[in-house]
Structure formats: structure tokens, C-alpha cells
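Note that the structure is predicted; figures quoted are calculated from it, not measured. By convention in this document, chain letters (A, B, ...) are assigned in the order of the sequence lines, proteins followed by strands, and residues within each chain are numbered from 1.
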Protein chains: 2
Amino acid sequence: MTDTFKQHLRKFVDIDEEEFAEILSYFTVLEVGKKENLLTEGGMCKSCFFVLSGCLRMFFINEKGVEQTTQFAIENWWITDNMAYEHEQPSAFYIQAVENSQVMILHHYSQEELLQQFPKMERYFRFIYQRAYAASQRRIKFLYEFTREELYHHFNDHYPEFVQRTPQYLIASYLGFTPEYLSEIRSRVRS
Amino acid sequence: MTDTFKQHLRKFVDIDEEEFAEILSYFTVLEVGKKENLLTEGGMCKSCFFVLSGCLRMFFINEKGVEQTTQFAIENWWITDNMAYEHEQPSAFYIQAVENSQVMILHHYSQEELLQQFPKMERYFRFIYQRAYAASQRRIKFLYEFTREELYHHFNDHYPEFVQRTPQYLIASYLGFTPEYLSEIRSRVRS
DNA sequence: CGATTTTTTGAATCATATCAACGTACGTGG
DNA sequence: CCACGTACGTTGATATGATTCAAAAAATCG
């Protein structure tokens, strides 16, 4: 199952079998069940998570006690609270499995060693963060550009399978509005 | 004036004088006047910009013809449309000087050469993007967590000098609401 | 099948936008 | 260095997108 990761890595850097085996040794593989937490708000954030299969989400609980989802991570995506990870501080978020998932865990100190041993991985992570940042910039643009309803249509058009397989209240949470309002939007489309 | 950049670089990687001189040769230094554009929506995005002094902003023009600012960059920050830069595609944004500014320009092909010659710089940019991504994640959290009014107070509390020296309509644009509403918020504070 | 979770509906309310008009400040040319 | 014009900021009335709350309907799970 770590083959997923090998394919993915090789899109960015040249890695032979031997190297890959060594690189793998810096990671831990973990199965997480639906609704299980990998990280809790206030807990120390000492790892990043790479999704081999399934789906994770990141959320926080706002002052009204409502869960606000800020990110999903599906196959081939990394997820963590990077601010907390970088400074080894308590996290501002929860990370939870949306479905039963397989995850690779990279501890902060393992990452440091990995980067020392394999300068290639420095390059790999540079790509990853650059890409993640680029996606984030565009996402912020959408948040400013679109009404909530437009956000929904946009998301639905770009990730129809994902919208299919994920409960609506999570989609609403990710898009930053209430499930009731999503229901209203959908009823407008139907009629 | 490129000393600013040297100090900054040295926070992340060890660079001696000789190396720094060589690294510098990959960059171009440019003075931009207030309101001058460094990048235009639809134009090819072939460079990143590092701010030595002054202030830049990134914005797009929404369907109503209103400028929406999505980012500011002050001293020691990089700014570009990373999605467009990575894929050498037309930009979705404008980048404009808010004040007279000094900027270092790194062309995409120069960056590639630079990274080949100086693996250290791979590490440097990995840090930069990681940090930028982390900041972006937190920003998205704030966008979900706070009302527009709270966003203003938060921004005002964290960057009071910046709010002082920047026209209100740009602050409003960055926070995603109208100048009229900002006026209303301020009048509430006053009373 | 019943119990729990998720989605839908509708009415009242709130945060923020819009538009228009007026006041203020500021920079540029004389 | 002043005056004028344009850009910026404020105010108030009205409109709109989205939330809240309560309750019913539908879907899912053990």
C-alpha cells in the first residue's frame, strides 16, 4: 500500500528502490477508522500525515460549538496544522478520518533526519509546499470572489465524486455555511 | 539595499559573502513607484518578487469591477501568483506597489538554475513555502472563524502600524468587505 | 425494525452590501 | 505656498444573502 506513496514521490524526484526502502523507514503506516482523531485541538502537533487511501479532514470548533472544516485531504495529499508543526506548538485544529483511511505519519524529528540524509527530499517538500501554498492562494481567491452558493456550485463542478461520497453537512462545513442553507441551494437547483 | 535580503536568507541557511554575491546574480533589483503594476491579470507570471522595502499587494477584479485584494507583501516577504508561476500560465491576479518600493525579481528559469547550483536554496525555499502555507492555513481559519467586523479588529490589533499607513479602502478590500462597512465599524468603536 | 443521524422546510432575524449624497483631505500645477 | 480638483471617508435608507431555530421527513445503521 505504500506503493501509492512511491508513485507519488517519483512524480517529483528520482528515487530508486533501495532509496525508497530507506526513506520509508522514517515513516509509520497507520490505519484509522472513520471519526477517529489523529490530532486534537490543543494537543502538540508533532507529525504530518500523508493519505494513502481514504479521506481526512481538518477542523476547529468555533465559539458557538460548531465544527468548521477548513481542509480535506484525500489520496496523495499531506495534511497537518503547519504552523503548529513548524513551531512544535499546540494545534489550533483537529484532524479526523472522514472514512476508514490508511495514513503515513512523519514525525517532526524524523523529517529533520530524513532531510539531512536525503537532500532530494528537501526538493520534494519544496515542491509539495509550493503546490499546497499555490492551491491555498487560489482558494482564498474563491472565498473572496464567490457567494456561498457559487462556492458550492464551483466545488460541486470540480469534485462531483467527492460531493457524492461525503455527507452534506461536511460539505457545508467546508464551504463555510450551514447545512440548512446548503439544503436551500439544492432545492433551488432541483426546481 | 540587498543587505535586507542577506539578513533574511541567513535566518534560514548559512551563506558566506562569496556565495551570497553569486546568489544575488540570479536576481534583478527593481524600484517600483506607487500604483505601478509588476504583474497584470492574464499576463504570463514568470517571476516571484521579494520585497526589500515598501509594500506590494495582490488583487483581482471581480465581476462587478471591484478590486479585491488578497495579499499584502511587506519587507522580507515573497509574493507572486504561485499557481501561475509554477505552471508558467497567465496570472489570475495583479501585483501592484502600494508604496514606492524596492523589489528583487527572480525569474522562473533563474530560480531553476539557482536551485541546481545551490542546493541550500532548495532548503531555503522549502522553509519559505512551508511558512507561507502555514500562514495561509491560519488565514483561512480566521476567514471562517470571524465575522468581518472581528476580522477588522483582529487585523488592527496585530498590524496597527500597517493599518495606520495604508488607505482604509485597501484594508477593507483585503478583509473582504466594503469601505462603507469599515466606516461603520470605525464609527461604532469611536462612540 | 427501531434508533439515531442527516436532510429538508419555513419563518424570523442579522450581518453586510448597495446606492446616493455629502464632507474631508491631499497632491499637483500655477 | 495656495487653490483647485480628484480621491478618500462618512452617513443613512433600503435591500439581500445567509443564519437561526424548531420541527418534520428521510436516510442510514446496528
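Listed by chain and residue number, nothing satisfies the side chain to side chain contact (heavy atoms under 4.5 Å, CB included) test with Asp14(B) (two or more places apart in sequence, or in another chain). Residues satisfying the salt bridge (Lys or Arg N to Asp or Glu O under 4.0 Å) criterion with Glu63(B), sequence neighbours excluded, are absent altogether. Partners of Asp3(B) according to the salt bridge (Lys or Arg N to Asp or Glu O under 4.0 Å) rule, which considers only residues two or more places apart in sequence or in another chain, are Lys6(B). A search for ring-ring contact (aromatic ring centres under 6.0 Å, His included) contacts involving His8(B) returns Phe12(B), Phe50(B), Tyr124(B), not counting sequence neighbours. When the salt bridge (Lys or Arg N to Asp or Glu O under 4.0 Å) test is applied to Glu22(B), no partner is found at least two apart in sequence or on another chain. Every residue meeting the side chain to side chain contact (heavy atoms under 4.5 Å, CB included) condition with His158(B), not counting sequence neighbours, appears here in chain and number order: His154(B). Residues passing the side chain to side chain contact (heavy atoms under 4.5 Å, CB included) test with Pro167(B) are Tyr169(B), Leu170(B), sequence neighbours excluded.
Distance OH (Tyr169(B)) to P (dA7(D)): 10 Å, rounded to an integer number of Å. For the pair Leu175(A) CG and dG17(D) P, the computed distance is 18 Å after rounding to whole Å. Taking atom OH of Tyr152(A) as the reference point, atom P of dG17(D) lies 18 Å away to the nearest angstrom. The CD1 atom of Ile185(A) sits 12 Å away from the C1' atom of dT19(D) (whole-angstrom rounding). Atom pair Arg165(B):CZ and dC26(C):C1' shows a separation of 19 Å (rounding to whole Å applied).
Contacts classified as ring-ring contact (aromatic ring centres under 6.0 Å, His included) and involving residues 19-39 of chain B (residues at least two apart or in different chains) are given here: Phe5(B)-Phe27(B).
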Protein proximity profile, nucleotides 8-23 of chain C - base contact B, sugar-phosphate-only contact S, no contact -, cut-off 4.0 Å on heavy atoms | BB------SSBB----
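Between Arg57(B) and Glu67(B) a salt bridge is recorded (basic side-chain N to carboxylate O distance below 4.0 Å).
Annotation: cation-pi pair Lys46(A)/Tyr85(A) absent, no NZ/CZ under 6.0 Å from the ring centroid and within 45° of its normal.
Taking the C1' atoms of five terminal pairs at each end of the helix from dC1(C)-dG30(D) to dA21(C)-dT10(D), the two resulting helix axes are inclined by 50°, rounded to 10°.
Within a heavy-atom distance below 4.0 Å of DNA chain C, no residue of residues 93-100 of chain B is found.
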In residues 127-137 of chain A, what donor-acceptor pairs under 3.5 Å come from side-chain atoms, sequence neighbours left out?
{"residue": "Gln130(A)", "atom": "OE1", "partner": "Arg126(A)", "partner atom": "NH1", "Å": "2.8"}
{"residue": "Tyr133(A)", "atom": "OH", "partner": "Gln71(B)", "partner atom": "OE1", "Å": "3.3"}
{"residue": "Ser136(A)", "atom": "OG", "partner": "Ser136(B)", "partner atom": "OG", "Å": "2.6"}
{"residue": "Gln137(A)", "atom": "OE1", "partner": "Asn82(B)", "partner atom": "N", "Å": "2.9"}
{"residue": "Gln137(A)", "atom": "NE2", "partner": "Thr80(B)", "partner atom": "O", "Å": "2.9"}

